[in-house]
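First up is the structure itself, then whatever we jot down about it.
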Amino acid sequence: AVELADHGDRLITFEHERPFSQSKTTHYIQAVLLQPERKAAGALEILYTWKGRALECATSNFFIVKNGVVITPKKGVLSGITRNVVVDVARKAVPLEERDMTIEEVFDADEAFLTSSFKDVVPVVSVDDKPIGAGAPGPVTKKIMESFRDFAHRA
């Protein structure tokens, strides 16, 4: 986990929108079918895209940072517990927008990260082998990781 925090990880994309995305279901067949492709690419996660929008990862929520503003999709995604905590923590530290996000915005982002109950906050340094920002964890992501850790230790 420390290595992921220090160096970040990679994502691959796949055109897919989960059915009943607002609800936690057992419908993970697409994620299971994509595991060989994910592993072959050396990626931590699969970022689902749909009709030009970036949505969520197979088992994580997704965020980008552009010009100091944190952006995360609100519609078409499962609003996970860790995501909700990160949204609350981030709002106290930086501007945050919950809105549709295009795949072009992802590739043009200064930083990116994902959240999940099992991974906490993980910097994303490339998507489909394209570097995000400087290709290293950025300052806003590091600030959010620190704020999340502080919150988790108080809880």
Side-chain angles (χ1 to χ4, degrees), residues 1-65 70-91 96-103 105-107 109 111-133 135-138 140-149 151-153 155:
V2 171
E3 188 172 311
L4 285 179
D6 290 343
H7 304 292
D9 215 316
R10 307 157 38 130
L11 303 181
I12 59 171
T13 60
F14 185 77
E15 183 81 0
H16 176 68
E17 184 176 42
R18 282 188 317 108
F20 313 108
S21 57
Q22 301 288 329
S23 303
K24 190 155 192 162
T25 67
T26 57
H27 192 279
Y28 284 98
I29 191 67
Q30 189 63 64
V32 171
L33 293 172
L34 290 170
Q35 291 313 299
E37 186 177 340
R38 179 193 62 79
K39 288 177 184 173
L44 176 67
E45 263 281 22
I46 301 150
L47 175 61
Y48 291 148
T49 61
W50 188 249
K51 297 181 180 178
R53 293 180 299 134
L55 298 173
E56 62 189 337
C57 295
T59 61
S60 309
N61 289 107
F62 184 69
F63 297 72
I64 62 170
V65 180
V70 174
I71 303 164
T72 190
K74 184 166 181 79
K75 295 185 304 188
V77 301
L78 177 65
S79 187
I81 294 167
T82 305
R83 177 198 179 275
N84 292 340
V85 170
V86 168
V87 164
D88 289 343
V89 165
R91 275 205 170 108
L96 184 133
E97 298 176 2
E98 291 181 278
R99 61 168 176 77
D100 285 350
M101 173 195 314
T102 68
I103 192 65
E105 285 181 287
V106 171
F107 292 128
E111 304 175 41
F113 61 93
L114 56 82
T115 64
S116 81
S117 296
F118 296 114
K119 299 177 193 85
D120 293 339
V121 180
V122 178
V124 172
V125 297
S126 75
V127 176
D128 287 344
D129 292 325
K130 296 176 181 87
I132 301 296
V140 175
T141 300
K142 289 178 181 177
K143 184 177 191 176
I144 290 169
M145 291 169 70
E146 185 178 312
S147 296
F148 181 80
R149 273 194 299 271
F151 174 86
H153 290 308

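- Checking each of V86, T141, I64, V140 against V70 for a side chain to side chain contact (heavy atoms under 4.5 Å, CB included) leaves exactly one that passes, namely V140.
- Residues meeting the side-chain contact (heavy atoms from CB on, under 4.5 Å) test with V85, sequence neighbours left out: V89, F148, F151.
- Rounding to the nearest 0.5 angstrom, the gap separating the CD atom in E97 from the NZ atom in K74 is 13.0 Å.
- When only modelled atom types and interatomic distance are considered, T82 and D120 share no side-chain donor-acceptor pair under 3.5 Å.
- At least one side-chain heavy atom of M101 sits less than 4.5 Å from a side-chain heavy atom of V106.
- Judged as a side chain to side chain donor-acceptor pair (under 3.5 Å), and not counting sequence neighbours, the contacts of T13 are D128.
- Residues R83 and L78 fail the side-chain proximity criterion, which asks for heavy atoms closer than 4.5 Å.
- Checked against side-chain contact (heavy atoms from CB on, under 4.5 Å), D100 has the following partners two or more places apart in sequence or in another chain: R53, K75.
- Taking all atoms of both residues into account, the shortest heavy-atom contact from A54 to T49 is CA-CG2, 4.3 Å.
- Here F62 contributes atom CZ and I71 contributes atom CD1; the two are 10.5 Å apart, rounded to the nearest 0.5 Å.
- Remark: F63 pairs with F113 by the ring pair (Phe, Tyr, Trp, His ring centres under 6.0 Å) rule, at least two apart or across chains.
- A pairwise comparison of heavy atoms in V125 and G135 identifies CB-O, 3.5 Å as the closest pair.
- A salt bridge links E98 with R91: the closest approach of a Lys/Arg side-chain nitrogen to an acidic carboxylate oxygen falls below 4.0 angstrom.
- Nearest heavy atoms, P123 versus M145: CG-SD, 3.7 Å.
- Among residues two or more places apart in sequence or in another chain, the side chain to side chain donor-acceptor pair (under 3.5 Å) test is passed with T72 by none.
- In this structure, I132 and F107 approach most closely via the heavy-atom pair CD1-CA, 4.4 Å.
- Annotation: salt bridge (charged side-chain N to carboxylate O under 4.0 Å, His left out) contacts of E105 (sequence neighbours excluded): R99.
- Interatomic distance, CG of N84 versus OG1 of T115, reported as 8.5 Å (0.5 Å rounding).
- The two residues L114 and C57 come nearest to each other via the heavy atoms CD2-SG, 4.2 Å.
- Between T59 and F118 there is no side-chain heavy-atom pair separated by less than 4.5 Å.
- Rounded to the nearest 0.5 angstrom, S116 OG and E56 CD are separated by 12.0 Å.
- Nearest approach of E45 to A58, heavy atoms of both residues: OE1-N, 3.2 Å.
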